[in-house]
Amino acid sequence: MNFPGNWNTMQLDAQGRLRHFLTVEGLPRRILTDILDTADSFVVVGEQPVKKVPLLRGKTIVNLFFETSTRTRTTFELAAKRLSADVLNINVSTSATAKGESLLDTQKNLEAMHTDMFVVRHQHSGASHFMAQHAAPHVSIINAGDGQHAHPTQAMLDMLTIRRHKGAFDSLCVAIVGDILHSRVARSQIHALNTLGVGEVRVIAPRTLLPVDIESLGTRVFTSLSQGLAGVDVVIMLRLQKERMQSALLPSEHEYFQRYGLTEEKLALARPDALVMHPGPINRGVEIASSVADGPQSVILRQVSYGIAVRMAVMSMAMGRSPGARETAAKEPE
Amino acid sequence: MNFPGNWNTMQLDAQGRLRHFLTVEGLPRRILTDILDTADSFVVVGEQPVKKVPLLRGKTIVNLFFETSTRTRTTFELAAKRLSADVLNINVSTSATAKGESLLDTQKNLEAMHTDMFVVRHQHSGASHFMAQHAAPHVSIINAGDGQHAHPTQAMLDMLTIRRHKGAFDSLCVAIVGDILHSRVARSQIHALNTLGVGEVRVIAPRTLLPVDIESLGTRVFTSLSQGLAGVDVVIMLRLQKERMQSALLPSEHEYFQRYGLTEEKLALARPDALVMHPGPINRGVEIASSVADGPQSVILRQVSYGIAVRMAVMSMAMGRSPGARETAAKEPE
Amino acid sequence: MNFPGNWNTMQLDAQGRLRHFLTVEGLPRRILTDILDTADSFVVVGEQPVKKVPLLRGKTIVNLFFETSTRTRTTFELAAKRLSADVLNINVSTSATAKGESLLDTQKNLEAMHTDMFVVRHQHSGASHFMAQHAAPHVSIINAGDGQHAHPTQAMLDMLTIRRHKGAFDSLCVAIVGDILHSRVARSQIHALNTLGVGEVRVIAPRTLLPVDIESLGTRVFTSLSQGLAGVDVVIMLRLQKERMQSALLPSEHEYFQRYGLTEEKLALARPDALVMHPGPINRGVEIASSVADGPQSVILRQVSYGIAVRMAVMSMAMGRSPGARETAAKEPE
C-alpha cells in the first residue's frame, strides 16, 4: 500500500475540483464539505414522486466490479440512473480477465467506447488509484472499495448522516467499534472525521483487530467497549467478517458479542442522544443486538438513504468538472 | 400456508384500490375486471412503433428473484421499461443472503434506497405476503411466484387471453390439465375463474397430482382426459415438472403423454372452437403434441403478449394508488 | 455449414434495404458502403457530451447470448442505449434452454413480447441464420458471432477503421495473420475486403491453421510472416486461442511468437505507414509484442471506438427499413 506522492492531489483537477474519488485521505475539508452540501440537495430527489434529474443524461457509467457486491453495486446503479446516466454493469470475475486481459487493457478498451466514469470495486488495494493514474482526460474513477484500503463513499455517507443528525462536527465524540484492522470503511471514516474537525475519534476493538499505527491516525484507542462508549455522541459499529473467527484472530461469535457486541445496556453508557450507525449488512447478535439495530437511536437505514445522495453528489461533481458538461445537459437534443 | 386473516384485504388500500398483488384469492371481481380492462388498454402499446408510456417515469422497480426465472423476470422487466420506470435486477441467490442477511433486512435496505415496488419470486409460499405485511407505506409488492402458492399475474394473463378470445366468462367451461398438485399457476387460475364467474372449472389429472381439497375450490374433477375434455371451451395445459417423474409420483414421460398429453385426437373431443393454452415453457411430446401447440386453436404465444400488458396494468394500478403519482408524472421536469 | 441458397439475399428486404445482418458474404458493395457511411455519422455521437440519439426510442433490443462474451455484449448494449432503445440482456446458458426449450420456442416467446431485434451470439454456425429464417415480419436479427462462421459487425468495424485511416480500398494490400482456420472474424474480413474491392488480401499462417479452401476465397497465402508482410498497407493480427496449443495444432506460445508474432522488426517489413489492427482482446507476447500493440502504427483502440458506431449503424439501418419507424421516433409522445 505504498502509493506515489501525488495520491493526495491527483483526485483534484487543475482548478481544484473533484475529478476522481479514490480516498478521503488527503482531500481538503472544502471538498468534503462540498460533497456533503451537494448530497444534501440530492436527498430530496429520492423523496420526490419522479426521482430523476437530467444532470448526467447521455453519460455512460461503468460499474466495474472485480468483487461481487450486490449491495454496493445497487446503490451506485440507482444513483447513476437517478442522474439519468446510462449504466453498464460488468462483473469482471466472469468476463475479460478470464481471458487473461490486464486491468489496463480492460480500462483502455472501455474508455475507447467513450465511457465517462468507472465505479470500481477490487480486491486489491490501490486498483482504483492505478486506474486513475492511467485514465483518459475525460474519464473519472470512483473507488467503490479496494482491498483493505478505502471505501470513501461509505465514509462520506456516514459523515452526511452525522451532520444531518448532529449539525456541526467540532464538538462531537465518535467511536468506531469492531474490526478496525481489516476494515477499509474504518480507515476512510477516521480520515473523514479528522478532516472535518470532529472533536474526538475513538476506536474500540480487541488488540488483535487493531492496526499497529492506529494512534498515528489521530484516534484514541480503547480495548474495553464500556470505557470507550462513555459519553460518545456517535457509535459506528463495524461488520464482523466471519472469516476472522476461523483464522483464529477471534474467539467464538458468542464471546465476541459478550465483549464487543452493542446491547442496550452498553449503549446506555453513551450520551442519551447518541446515534447508532452500521455500514451493513448487519450480523444480528454478533456485533449488534437486534433491539439496538432496530431501536430509536439507530440511523442505520437513514445511512442507506443518504448513501444514494452521496453517490449522486460524487458522480455529478466528478462529471461536472468540465464546465461544459452541465450546460450541455441542459440543452440536450431530446 | 396458513396466512393471517387480513390476507384477502391487505392487497387493497383504504379506498379499495389495488396496492399489492399477492394472490387472486379473495380479490373482488371488480378488481380483477379492472386489471383486465387496464391491460386491454396496454395491449396496443406493444403494437406501436414506440412501445413506451411515461406512467412510471422516475419510479424504481426491483426485480427481487430468490429463484432464477429468466422468462418471468424478462416479462416484468419489459413491462416496467415500457412504463418508463427504472429497473433493478437483483438475483438474491448470489447476493446479500449469501452473507446471511434476512429477507426483512434486504427489503428494508432496498426500501431505504427509495425504491417503489418489489417484484418478488421466492421458493417459499408466503414470501411476498410477508414482504407486503412489512412494506413501507409507499411501497408495493407484486408476487411473481411463491412456492406452490400463487402466481397471480400468470393467472390474470390467462383470464385476459380467455376474455379477448371468448368475450364473457359466464357461459364457459374451462379445463385445467396436468400437475394441479404442485402448480401455483393452477391455484391462481381456479380462484380467478371462479371470481370472474366462469360457468364450470374442471381439473383433469391423475390422482397423485391432485390436492386433497381440490373439490372444495369449486372444481369438477376428472381423472380421464377424454371424459374431462368433452365439450370444453378452453383447455389449459400445465407444464409437467420432470422432477415429478423421478420422485415416483408418475410413470414415464411416454406413458404420461399417452394418458394426459394433448393430441389432435383428444382435442377433437372439446368444442370445435376451443382454445388451447399453456403457461410455457412447453414440453413438446410430454404434456402437449407439437401439432397442437403450434396448431390453429393454440393461443400460447398470445398469452405471452398479453402477459406484458397484464404486468403493465398491475404495476401501474399499484403505483397509481396515490393520485399524485400520475399527475406528477405528467409534469415531470424533463 | 450448408446454408440454403437464399442466404445471400435474405438479409435484404423487398426494397433492397438491410433487414438482418448475418454475414458479410454475398451482400452487395452498396450495402457495405452504406453501413460505413452511416457509421461515419455515428462516430461523432460518441464524442459529444450527450452521447444519445433518439432513433430507436421505444424499441426493444434483446442481447441473446448463448456464449458468454462480455466484451461483445457490452458494445451492442452501449450502441443500443445510445440509440435510446430498451435493452434486455439474456444469457441463455443459465436460462430457458436449461429447461429444454428449443431455440425456436425461445425466439417465438421473445417475439411475442413485441421485441424488435435480436443480437445473437451462438456457439453453432448458422444459429442467427436459422433465427432470421423464422423471424416475425417486424423483427431483425444481428449476428454477433456464430461458431466459426461469421462475425460481421467485427469485420465492418475493421473496414471502417481502414477507410477512415486509408481513404480508398482499391490500392491497398491487407494481410490477415494468425489462426485463419478457426476464426469467424477472418472469414468475414476476407469477404468484406473483397466486396469493397481491396487491391490484395493476404493470409499469413502456419499450414495447420489454414482452411483447405482458403485460396478460393480470393486470398494470397503465405506461411512466412516476413514474406507476407512485405509492402502491406494494413496488418490484421488475429487472437490466438490458447486451446489450439493444447490440441497439438501448434507448438509452444514461445515458438509461435518467434514465427508469427508481430514485433517491431517484422512490422518494419510492411509499408512505413502500415496500420496494425487486432480484434482484441490481445495476448501480449503471443501473437503481438506490447511495443507494437501500443506503438504509433496501432489503431487497435480506434477499432473499439468505431465498433460502437458500426453497431449503431447496423441497428438503425435494420430498424429503419419500415419508413414509419424513424418518423414515429421523431414525434414520440414523451
Side-chain angles (χ1 to χ4, degrees), chain B residues 42-55 57 68-85 87 89 91 94 157 239-242 278-286 290 293-294 299-309 311 329-330 332 334, chain C residues 50 52 54-66 80-81 84-117 134 136 138 319-334:
Chain B
F42 284 126
V43 167
V44 294
V45 172
E47 293 160 355
Q48 293 166 353
V50 175
K51 290 179 284 287
K52 251 179 138 78
V53 291
L55 273 179
R57 179 152 171 79
T68 303
S69 174
T70 302
R71 170 187 284 251
T72 301
R73 192 262 298 162
T74 298
T75 58
F76 277 103
E77 183 175 349
L78 264 182
K81 286 180 169 172
R82 290 188 182 156
L83 290 165
S84 304
V87 183
N89 288 317
N91 186 340
T94 61
L157 75 87
R239 175 178 171 81
L240 189 72
Q241 305 294 334
K242 305 211 172 177
H278 190 295
I282 57 177
N283 291 310
R284 293 169 179 274
V286 180
S290 276
D294 305 329
V299 291
I300 295 175
L301 292 175
R302 309 303 297 270
Q303 289 175 268
V304 177
S305 300
Y306 297 149
I308 305 288
R311 279 150 190 146
E332 55 178 315
E334 190 201 4
Chain C
V50 176
K52 252 179 136 78
L55 274 178
L56 297 193
R57 180 154 171 79
K59 300 291 182 198
T60 305
I61 296 180
V62 183
N63 280 329
L64 190 62
F65 275 52
F66 294 83
K81 285 180 169 172
S84 304
D86 286 327
V87 183
L88 276 182
N89 289 317
I90 300 188
N91 186 341
V92 188
S93 61
T94 60
S95 85
T97 50
K99 289 190 178 177
E101 197 182 50
S102 73
L103 176 57
L104 185 59
D105 280 340
T106 297
Q107 176 180 0
K108 288 298 150 190
N109 266 281
L110 287 163
E111 284 183 358
M113 297 173 198
H114 298 294
T115 53
D116 299 284
M117 182 183 287
H134 296 89
H138 67 285
M319 281 291 99
R321 71 180 189 281
S322 97
R326 287 195 193 201
E327 285 161 30
T328 315
K331 53 179 178 190
E332 54 179 318
E334 189 201 1

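Letters go in sequence order (proteins before strands), and every chain restarts at 1.
- Interatomic distance, Lys108(C) NZ to Leu301(B) CG, rounded to the nearest 0.5 Å: 8.0 Å.
- Under the side-chain hydrogen bond (donor to acceptor under 3.5 Å, both in side chains) test applied with Asp86(C), the options Lys52(B), Lys81(B), Arg82(B) reduce to a single match, Lys52(B).
- The two residues Asn89(C) and Arg73(B) have their closest heavy-atom pair at O-NH2, 3.6 Å.
- Note on Arg284(B), Gln303(B), Gln48(B), Glu47(B): by heavy-atom pairs under 4.5 Å with chain C, the leading option is Arg284(B).
- Contact record, Ser305(B) with Ala112(C): OG-O, 2.5 Å, taken as the closest heavy-atom pair.
- Looking only at heavy-atom pairs under 4.5 Å with chain C, the residue among Val304(B), Val87(B), Thr75(B) that has the most is Val304(B).
- The two residues Leu110(C) and Thr74(B) have their closest heavy-atom pair at CD2-CG2, 4.1 Å.
- In this structure, Leu78(B) CG and Thr60(C) OG1 are separated by 5.0 Å, a value rounded to the nearest 0.5 Å.
- From Asp294(B), atom CG reaches atom CG of Asp105(C) across 7.0 Å, with rounding to the nearest 0.5 Å.
- Nearest heavy atom pair, residue Gly46(B) against residue His114(C), reads O-CG, 3.0 Å.
- Counting all heavy atoms, side chain and backbone alike, Asp116(C) lies closest to Lys51(B) at OD2-NZ, 2.6 Å.
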